[in-house]
Structure formats: C-alpha cells, structure tokens
S.K.: 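One structure, as structure tokens, below. Some questions next.
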Amino acid sequence: MFNYFIKRLLGMIPTLMIVAVLVFLFVHMLPGDPARLQAGADADDSVVAMLRHQLGLDLPLPVQFWHYLLQLIQGDFGQSMVSKRPVSQEIAMRFMPTLLLTLTSMFWSCLCGLIIGVVSAVWRNRWPDRLGMLLAVSGISFPAFALGILLMQIFSVQLGWLPTVGAGSWQHYILPSLTLGAAVAAVMARFTRSSFIEIMDEDYMRTARAKGASEFAIIFKHGLRNAMIPVVTMMGLQFGFLLGGSIVVEVVFNWPGLGRLLIDSVSMRDYPVIQAEVLLFSFEFILINLLVDLLYAAINPAIRYR
C-alpha cells in the first residue's frame with residue numbers, strides 16, 4: 001500500500017507539469033494587456049511600456065515560461081501583478097473560506113444523497129422512489145446561479161432570515177452550501193440508487209434473507225458496504241467538482257474564497273494568480289482521486305494495491 005501511495009505521488013509530477021504548460025499558454029492567449037489594465041485607459045504608451053517592463057511582459061514568451069518554471073520548482077508562485085503581494089499569501093487568505101464551504105456542502109449533500117438513494121432503491125418503483133428521483137432530477141436540472149438567486153430572494157430579501165453576502169458567521173454558510181451542494185446531492189442520490197439496486201439482486205442478499213436476518217441488517221450491514229465502493233468514487237469526483245465549481249456560487253454570494261479570487265484575477269489578467277489557482281485545483285483533484293483509491297481498501301479488505 002505504501003509503495004502504491006509513493007508511486008501515485010510521483011506520478012502527479014508529470015501531470016502537474018503538463019497542466020502548468022497548458023495554463024501558462026492559456027493565460028497568455030487571453031485578450032487584454034495586464035499593463036494597460038493597471039495603467040488605466042487614459043495612460044500613454046510610455047507608462048504602459050514601463051509597466052510591461054516591470055512585470056516582465058516585454059520578455060520573449062519562452063523566457064517568461066523559463067522564469068515561471070524555475071520559480072515553480074522552488075515552490076514560489078510569484079507575485080500578484082495587482083496587489084503586489086506573494087501569490088501564496090493571496091491564496092492562503094482565500095483558501096479556508098472555500099474549503100469550509102466545500103466541506104459543508106459535501107457533508108450535507110452526501111448524507112442526503114445517500115439517504116435518498118437507499119430509500120429509492122429499497123422502495124423501488126413506489127412513491128418514495130418517484131419522489132426521491134423527482135428531487136434528484138430537479139437538483140441536476142436547476143442551474144446553480146439561478147438557485148442561489150432564488151434562495152437569496154426567498155430567505156434573505158422576503159423573509160429576512162439569512163444574510164446574503166460574506167462569510168462572517170455560520171448563517172452565511174447556509175445559502176451558499178445549499179446552492180453548491182444541490183447538484184451533488186442529486187447526483188449522489190441517483191448513483192447510490194443505481195448501485196444499491198444492483199446489490200439488492202445479489203445472491204448473498206437473498207441468502208441473508210433466507211437465514212432470517214432482519215431487513216435493516218441486510219440493507220446496512222450487507223448491502224450498503226458493498227454498494228459504497230462505486231459511490232465513494234463518485235464522492236471523490238464530486239468533491240473535486242465542488243472545489244473547482246464553487247466559482248459561480250462564490251460570485252453570486254460574493255464569497256471571499258478562491259473562486260472569487262480567480263474571477264477577479266481573470267478580469268485583471270493577473271497571470272501569476274490564475275496559474276497558481278489552476279495548478280492548485282488540479283493538484284487537489286489528483287490528490288482526492290488518490291485518497292479515494294486508498295479508501296477502497298478500507299471499505300473492502302479484499303482490495304489490495306501493490
């Protein structure tokens with residue numbers, strides 16, 4: 001298991017290098033000049049040229065990439081073109097709000113998705129199943145930004161129960177987490193239902209019933225554990241989706257997280273921040289997939305990695 005873990009960690013390096021190259025090329029293809037944006041529309045060409053020299057944008061593109069790569073190898077993401085602070089400091093300031101929002105959304109969405117999926121599978125083709133799948137289809141179909149605006153209109157504007165923007169208290173997490181986790185809960189419910197229906201038809205489930213085991217023990221002791229292996233895979237993928245997909249929700253609720261920082265950086269063409277954030281999202285997604293693979297062995301002892 002340890003050797004497998006080390007191999008997978010080393011395997012991240014070429015993947016992240018490819019991502020770094022693609023992101024560098026992508027951000028330099030974006031229309032707009034960072035120096036012009038910082039200098040302002042009324043600045044003359046000499047001021048813009050001076051800013052381009054200060055930012056290193058007047059160097060040939062291969063030279064810029066070589067400098068970026070050397071900094072990256074040393075663990076230095078550079079300096080923000082806008083705030084003039086280190087990029088690592090900018091990300092550290094925004095990381096915790098995004099992480100806490102993601103964990104909150106993941107907790108309730110996975111819990112509700114599992115419950116709805118199991119209930120729908122046990123009472124298949126009956127009203128609990130139809131109701132659960134109706135909720136799941138609605139959660140998948142409704143766009144996140146529209147759901148966020150609707151929740152703010154009802155619970156903040158009309159009822160005045162919850163705040164709309166910011167992250168100062170636990171109340172601020174309710175509406176963004178509901179908006180962010182709705183689609184994940186719907187996907188988890190449908191996936192859990194499908195996985196559990198397959199398990200319910202297995203021979204060992206019928207054998208457990210023939211031995212007189214209670215339906216509760218059959219479902220949760222024998223069925224749920226075996227059905228969780230593909231579900232855990234989906235959990236990992238959805239967690240990565242939440243980390244990267246929180247951008248829209250953070251913009252709607254003006255959340256002080258990484259998604260909001262990325263949008264602001266793209267609008268100001270802050271190349272170092274954009275590159276660092278995309279690399280961070282890629283690393284998180286790869287790491288989550290590795291942790292999911294390791295969880296397989298904890299759920300099913302028959303699975304071993306070499």
Side-chain angles (χ1 to χ4, degrees), residues 8-38 51-103 167 180 236-237 239-251 253-291:
R8 287 290 300 270
L9 281 180
L10 294 176
M12 293 182 184
I13 297 175
T15 303
L16 292 175
M17 288 299 299
I18 294 173
V19 172
V21 174
L22 294 177
V23 172
F24 180 85
L25 295 175
F26 166 74
V27 297
H28 283 80
M29 291 171 60
L30 290 173
D33 186 355
R36 170 64 66 181
L37 289 173
Q38 292 188 36
L51 276 175
R52 286 182 60 83
H53 179 71
Q54 291 177 356
L55 298 173
L57 297 174
D58 57 343
L59 298 173
L61 199 60
V63 176
Q64 292 185 47
F65 178 73
W66 178 247
H67 291 168
Y68 164 66
L69 190 60
L70 288 178
Q71 287 182 327
L72 195 62
I73 293 174
Q74 298 171 7
D76 182 10
F77 294 106
Q79 187 182 70
S80 170
M81 293 180 177
V82 177
S83 67
K84 307 304 180 184
R85 290 195 295 260
V87 173
S88 56
Q89 182 179 340
E90 291 281 348
I91 291 178
M93 292 169 57
R94 305 291 191 101
F95 181 75
M96 285 309 297
T98 295
L99 179 62
L100 292 176
L101 177 61
T102 302
L103 292 175
L180 186 60
L237 294 175
F239 189 75
F241 162 77
L242 286 179
L243 282 172
S246 61
I247 296 173
V248 174
V249 176
E250 290 190 7
V251 171
F253 290 94
N254 198 23
W255 192 261
L258 293 176
R260 182 77 223 187
L261 176 63
L262 182 59
I263 292 296
D264 294 340
S265 300
V266 170
S267 64
M268 293 301 296
R269 303 298 186 267
D270 196 347
Y271 294 164
V273 176
I274 299 172
Q275 292 167 171
E277 283 213 58
V278 175
L279 272 178
L280 177 62
F281 286 141
S282 301
F283 175 75
E284 289 170 346
F285 200 83
I286 296 171
L287 186 62
I288 288 167
N289 286 331
L290 173 58
L291 295 177

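Starting from 1, each residue takes its place in the sequence as its number. Keep in mind it's a predicted model, so treat the numbers as computed, not measured.
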S.K.: Given side chains that start at C-beta, do those of Gln79 and Pro272 come closer than 4.5 Å, heavy atoms only?
M.R.: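 Sidechains of Pro272 and Gln79: no contact.
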S.K.: Heavy-atom distance under 4.5 Å between the side chains of Val21 and Met17, does that happen here?
M.R.: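 Side chain of Val21 against side chain of Met17, heavy atoms only: no contact under 4.5 Å found.
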S.K.: Starting at OH of Tyr271, measure out to OH of Tyr68 and round the result to the nearest 0.5 Å.
M.R.: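 Here the rounded value is 13.5 Å.
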S.K.: Distance check, rounded to the nearest 0.5 Å: Ser267 atom OG versus Ile274 atom CD1?
M.R.: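 Spacing of OG (Ser267) from CD1 (Ile274) equals 8.5 Å.
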S.K.: Please give me the minimum heavy-atom distance between Phe77 and Val87, naming the atom from each residue.
M.R.: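 Minimum heavy-atom separation between Phe77 and Val87: O-CG2, 3.6 Å.
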S.K.: For the atom pair CH2 (Trp66) and CG (Leu61), what is the distance rounded to the nearest 0.5 Å?
M.R.: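 It is 15.0 Å, given to the nearest 0.5 Å.
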S.K.: Once rounded to the nearest 0.5 Å, what's the spacing between atom CD of Glu90 and atom CG of Asp270?
M.R.: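 The CG atom of Asp270 is 7.5 Å from CD of Glu90, to the nearest 0.5 Å.
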S.K.: When rounded to the nearest 0.5 angstrom, what is the spacing between OG1 in Thr102 and CZ in Phe95?
M.R.: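 Between Thr102 OG1 and Phe95 CZ, I get 8.5 Å after rounding to 0.5 Å.
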S.K.: Are the side chain of Arg94 and the backbone N or O of Leu258 linked by a donor-acceptor pair below 3.5 Å?
M.R.: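 No; zero donor-acceptor contacts below 3.5 Å.
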S.K.: Give a yes-or-no answer on whether the side chains of Ser265 and Glu277 include a donor-acceptor pair shorter than 3.5 Å.
M.R.: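 Per modelled atom types, Ser265 and Glu277 side chains form no pair under 3.5 Å.
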S.K.: If I compare all heavy atoms of Val23 with all of Val278, which pair ends up nearest, and what's the gap?
M.R.: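 Looking at all heavy atoms of both residues, the closest pair is CG2-CG1, 3.3 Å.
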S.K.: At what distance, to the nearest 0.5 angstrom, does OG of Ser282 lie from CG of Leu287?
M.R.: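 CG of Leu287 is found 12.5 Å from OG of Ser282.
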S.K.: Is there a side-chain contact (heavy atoms from CB on, under 4.5 Å) between Phe24 and Leu69 once you walk through the steps?
M.R.: CA-CA 10 Å; Phe24 180 85; Leu69 190 60; over 6 Å; no
S.K.: Backbone N or O of Pro97 within a donor-acceptor pair of the Trp255 side chain at under 3.5 Å?
M.R.: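 Indeed, once roles are kept as given, a pair shorter than 3.5 Å links the two residues.
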S.K.: Can you give me the closest heavy-atom contact between Gln275 and Val27, atom names plus distance?
M.R.: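 That would be OE1-CG2, 3.3 Å.
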S.K.: Write down the atom of Gly259, the atom of Thr98, and the distance for their closest heavy-atom approach.
M.R.: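 In terms of heavy atoms, the two residues are closest at N-OG1, 4.3 Å.
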